[in-house]
Amino acid sequence: AQSVTQLGSHVSVSEGALVLLRCNYSSSVPPYLFWYVQYPNQGLQLLLKYTTGATLVKGINGFEAEFKKSETSFHLTKPSAHMSDAAEYFCAVSPPGRGYQKVTFGTGTKLQVIP
Amino acid sequence: NAGVTQTPKFRVLKTGQSMTLLCAQDMNHEYMYWYRQDPGMGLRLIHYSVGEGTTAKGEVPDGYNVSRLKKQNFLLGLESAAPSQTSVYFCASSSDRGRSYEQYFGPGTRLTVT
């Protein structure tokens, strides 16, 4: 079984401040991990993913996340928030490997950026 | 490439009515999914398909049926709509090719059942 917990359904940051969105997972095997972003009235799009290899992964729009196995975490960060970062962010986990693998999504964190 | 498209974008139904949501992808992906998104609950998988002619139940399949007669299309049907099915529905597709594992999402269909 696998699950994802996103701490904080709403996060507010000032423009230019550090963005930190928290994600913890539970999985019986080393998982694949994803962060998706959803802008208002749009579908989700991939920000970044971790499958294997380097535990610090970089994504689009200056975001990055670090897979910490010991902490079962995959927190999303960005050094300096921009107004255009206001959106909802979803952490997701799936078992590794080819073929169909069920993806479990977190409940989402809405990021507000204050001018 | 259009990616993943969904039809319609909005729909209002009365309780008991039926409708079909259409999803199409032009990326030749093997896997396709239907999710529903409700406030505070993230995305929940309704049904999925691992290939043409195959479908399987997800986390919340009751009240929905699906078909995948062509590889590029995945249809979601509501036979008798209920207010509890008011939601935003997302279709997604993915592939093992290139070890991507990423799901590509459509823009969503906002359904209201009165």
Side-chain angles (χ1 to χ4, degrees), chain A residues 1-10 21 23-25 27 29-53 57 59-60 65 67 74 87-110, chain B residues 2-7 9-10 21 23-25 27 29-52 54-61 68 74 88-110:
Chain A
Q2 61 191 20
S3 65
V4 176
T5 301
Q6 290 185 240
L7 292 176
S9 58
H10 291 82
L21 304 182
C23 172
N24 288 89
Y25 69 89
S27 176
V29 297
Y32 290 169
L33 294 158
F34 308 83
W35 275 100
Y36 286 85
V37 61
Q38 184 181 31
Y39 298 104
N41 300 314
Q42 295 186 26
L44 280 69
Q45 64 182 85
L46 185 71
L47 264 183
L48 49 79
K49 66 185 178 188
Y50 168 78
T51 54
T52 57
V57 292
I60 61 173
F67 170 55
F74 192 57
E88 190 161 17
Y89 294 80
F90 292 90
C91 184
V93 61
S94 79
R98 300 176 64 84
Y100 170 73
Q101 302 289 351
K102 183 182 186 298
V103 176
T104 300
F105 288 86
T107 53
T109 298
K110 281 190 177 175
Chain B
V4 179
T5 58
Q6 293 183 230
T7 308
K9 288 185 169 50
F10 303 93
L21 281 66
C23 175
Q25 53 96 2
M27 297 172 283
H29 285 171
E30 306 93 86
Y31 310 119
M32 295 187 75
Y33 317 84
W34 276 107
Y35 293 93
R36 59 178 290 172
Q37 183 179 31
D38 302 292
M41 301 190 74
L43 275 76
R44 293 182 290 169
L45 183 64
I46 304 172
H47 286 281
Y48 65 95
S49 168
V50 299
E52 182 178 318
T54 70
T55 63
K57 294 181 180 179
E59 183 183 353
V60 289
R68 194 165 177 204
F74 195 30
V88 181
Y89 292 86
F90 288 99
C91 177
S93 70
S94 69
S95 171
D96 281 342
R97 292 192 306 275
R99 299 179 184 263
S100 171
Y101 309 114
E102 169 187 356
Q103 293 194 9
Y104 292 79
F105 284 81
T109 295
R110 188 172 297 272

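Note on naming: letters A, B, ... go to the chains in the order of the sequence lines (proteins, then strands), and numbering restarts at 1 for each one.
If you measure heavy-atom distances from B/Gln37 to chain A, the contacts under 4.5 Å come from the side chain alone. Contacts of A/Gln6 with chain B are absent, with no heavy-atom separation under 4.5 Å from either backbone or side chain. Heavy atoms closer than 4.5 Å to chain A are found in the side chain of B/Tyr33, but not in its backbone. The part of B/Arg110 that comes within reach of chain A is its side chain, from C-beta onward, which places non-hydrogen atoms under 4.5 angstrom from that chain. Looking at B/Leu45, the atoms closer than 4.5 Å to chain A (heavy atoms on both sides) all sit in the side chain, from C-beta outward.
Between B/Gly108 and B/Gln6, the shortest heavy-atom distance links the atoms N-OE1, 3.0 Å. Listed here is the closest heavy atom pair of A/Gly8 and A/Thr109: O-OG1, 2.8 Å.
Under the 30°/60° scheme for interplanar angles, the aromatic rings of A/Tyr32 and B/Tyr101 are found to be tilted.
Of the candidates A/Leu47, A/Leu44, A/Val57, A/Trp35 forms a side-chain contact (heavy atoms from CB on, under 4.5 Å) with just one, namely A/Leu47.
In this structure, B/His29 and B/Tyr31 have side chains that are not in contact, with every pair of non-hydrogen atoms separated by 4.5 Å or more.
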